[in-house]
S.K.: 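Submitted below is the structure of interest, expressed as structure tokens.
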Amino acid sequence: MRLVVGAATDVGRIREINEDSYLVDESIGLVAIADGMGGHRAGEVASATALEALRASVTAGHPLREAIEQANEAVFTKSLTGEEYNGMGTTLTVGTLAAGGTLLVGHVGDSRAYLLRDGTFRRLTNDHSRVQELVDDGRLTADEAAVHPMRNIVTRAVGVDPSVAVDVYPVELHVGDRVLLCSDGLTDMLHDDAISNVLRRETDPARAAKSLVDAANSAGGVDNITVVVVGVTDEEPARGSSPPPPVLVAEGVSPAPAAPEPGRPSRRRTVMRVLLWVVPVLIILGVALGAIAWYARNNYFVSANRGFVTVYQGVPGGLLWLDPTIDRRTDLRMTDLRPSDAADVRSEPTFSSAGEATAYIRRLRGRAAAATTTTVPTTTTVVPTTAVPTTTVAPGP
Ligand code: MN
């Protein structure tokens with residue numbers, strides 16, 4: 001019995017980054033897919049980190065469940081090393097070839113494993129998702145779940161918590177079986193019937209994987225799509241054909257996944273472009289507000305406050321957020337002013353310096369004093385002159 005593996009991954013038609021990863025290592029009989037989740041490339045880091053740790057653990061001889069638990073630890077530990085990795089996680093669906101032709105399928109999340117045997121296509125894994133729980137409770141049908149708006153909410157993921165519960169399914173492989181591992185980017189786009197039709201039509205695992213990705217893209221490609229197809233055969237490799245490389249590592253499984261791909265604008269570059277516009281606008285706005293503030297603080301006006309002539313700093317009525325403030329109170333009463341001067345003060349005359357305002361008040365005071373000194377004598381002199389005739393006495397006979 002021999003396994004022939006084909007795999008394909010694609011960013012899809014909507015997303016800018018492929019956060020899925022897959023791993024095919026024929027030397028240790030290991031295949032896996034991971035669908036990462038998390039902000040700003042963290043999902044990509046989560047899925048790659050999980051697969052690297054998984055391979056290291058399986059290579060070291062650990063059982064499948066333990067290897068997935070170690071992958072969980074690796075992603076969780078990595079998530080604590082930087083704010084950008086906070087809360088990241090990944091699905092992980094793994095197949096390992098055990099002794100006696102048994103395939104052990106290990107599984108966490110909402111990626112899936114399927115088996116096509118003797119024309120019958122069935123799912124091997126149970127989704128760890130909110131909608132699957134509703135299906136299990138009998139509150140949703142499988143068809144309703146497939147289009148449910150909450151179908152992408154996972155209830156279990158690798159790397160989110162310090163420990164994780166792993167499902168393991170043993171599958172006794174038969175010659176002619178086909179095992180499919182895929183991310184939800186395939187199953188959200190294609191009904192199970194459509195998927196199994198492609199697998200029946202394309203017997204070559206590599207061509208089947210590519211056809212499935214193409215079909216998902218034709219159906220919309222709203223998510224990253226990753227497919228691993230495993231064919232079970234008893235045929236020996238054809239004579240003369242070059243033997244497969246002992247280790248096949250797929251794209252997405254790279255030790256340093258950080259460099260942005262050319263041609264696709266990275267978020268950092270978008271931020272720079274926005275800053276190039278925002279910074280000059282902020283500078284111009286700052287200068288304008290500074291000029292307004294300068295104008296408002298270098299302006300004075302005279303007005304009445306509680307019946308006294310008062311000097312204000314600022315602009316009458318205020319300017320934007322700059323209310324005028326009292327610069328100087330005087331003891332000059334509005335009632336002491338000549339009526340025309342009082343009216344002038346009520347119109348709040350403005351001055352470009354405190355000195356000019358003071359000079360204006362000095363002129364008001366001078367005219368008020370002059371008015372007072374001329375009225376007082378006239379009222380005091382009237383009384384004697386009118387009283388004089390009453391003192392006249394007529395001569396007696
Ligand atoms: Mn996905």
Side-chain angles (χ1 to χ4, degrees), residues 7-24 31-51 54 68 71-72 75 79 85 87-95 105-114 123-133 135 142 145-160 164 167 180-192 194-195 198 209-210 212-229 250-253 257 261 264 267:
T9 187
D10 192 76
V11 68
R13 296 172 63 182
I14 308 289
R15 302 285 176 87
E16 287 199 341
I17 296 171
N18 191 349
E19 297 187 314
D20 288 0
S21 296
Y22 71 79
L23 169 63
V24 176
V31 293
I33 63 161
D35 178 350
M37 54 204 90
H40 194 198
R41 308 193 84 90
E44 207 181 3
V45 173
S47 60
T49 302
L51 292 186
L54 175 80
I68 293 175
N72 182 78
V75 176
S79 77
Y85 298 144
M88 72 178 179
T90 182
T91 72
L92 190 55
T93 302
V94 186
V105 175
H107 171 69
V108 175
D110 67 350
S111 298
R112 289 177 180 178
Y114 288 89
R123 208 206 299 179
L124 297 172
T125 51
N126 200 23
D127 290 353
H128 300 138
S129 67
R130 198 62 78 203
V131 291
Q132 185 62 49
E133 289 178 351
V135 170
V147 295
H148 197 279
M150 289 198 327
R151 66 183 177 277
N152 298 116
I153 298 175
V154 296
T155 50
R156 250 196 254 177
V158 163
V160 176
V164 69
D167 293 346
L180 168 70
L181 308 184
C182 60
S183 63
D184 63 345
L186 182 76
T187 50
D188 275 356
M189 290 294 105
L190 298 179
H191 201 268
D192 283 6
I195 295 171
V198 172
K210 188 182 180 311
L212 286 169
V213 167
D214 290 346
N217 272 328
S218 297
V222 301
D223 193 5
N224 308 145
I225 308 147
T226 301
V227 170
V228 173
V229 179
E251 60 191 81
V253 190
E261 292 163 50
R264 224 176 265 153
R267 203 165 299 182

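What you see is a predicted model, and the numbers here were worked out from it, not measured in a lab. Indexing begins at 1, ligand by ligand and atom by atom, following the structure's order. In what follows, every heavy atom counts, from backbone to side chain, and hydrogens, waters and symmetry copies are set aside.
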S.K.: Run Thr91 and Ser111 through side-chain hydrogen bond (donor to acceptor under 3.5 Å, both in side chains) and show every step you take.
M.R.: CA-CA 6 Å; Thr91 72; Ser111 298; 2.7 Å; yes
S.K.: Please name all residues satisfying side-chain contact (heavy atoms from CB on, under 4.5 Å) with Asn217, sequence neighbours left out, ordered by chain then number.
M.R.: Asp10, Arg13, Val213, Ile225
S.K.: Hey, could you give me the CG/CG distance between Asn224 and Asp20, rounded to the nearest 0.5 Å?
M.R.: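 The CG atom of Asp20 is 4.5 Å from CG of Asn224, to the nearest 0.5 Å.
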S.K.: Run the side chain to side chain contact (heavy atoms under 4.5 Å, CB included) test on Asp184 and Asp223 for me, step by step, so that the C-alpha distance in whole Å, both residues' side-chain angles and the decisive distance to 0.1 Å come before the verdict.
M.R.: CA-CA 8 Å; Asp184 63 345; Asp223 193 5; 3.0 Å; yes
S.K.: Keeping waters out of it, list the protein N, O or S atoms under 2.8 Å from the Mn ion (ligand 1).
M.R.: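 Listed by chain and number: Asp35 OD2, Asp184 OD1, Asp223 OD2.
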S.K.: Salt-bridged, Arg151 to Asp188, with N to O below 4.0 Å?
M.R.: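 Judged by the 4.0 Å cut-off on N to carboxylate O distance, Arg151 and Asp188 do form a salt bridge.
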S.K.: Which is it for His128 and Thr155 under the side-chain hydrogen bond (donor to acceptor under 3.5 Å, both in side chains) test, yes or no, and what are the steps along the way?
M.R.: CA-CA 5 Å; His128 300 138; Thr155 50; 6.0 Å; no
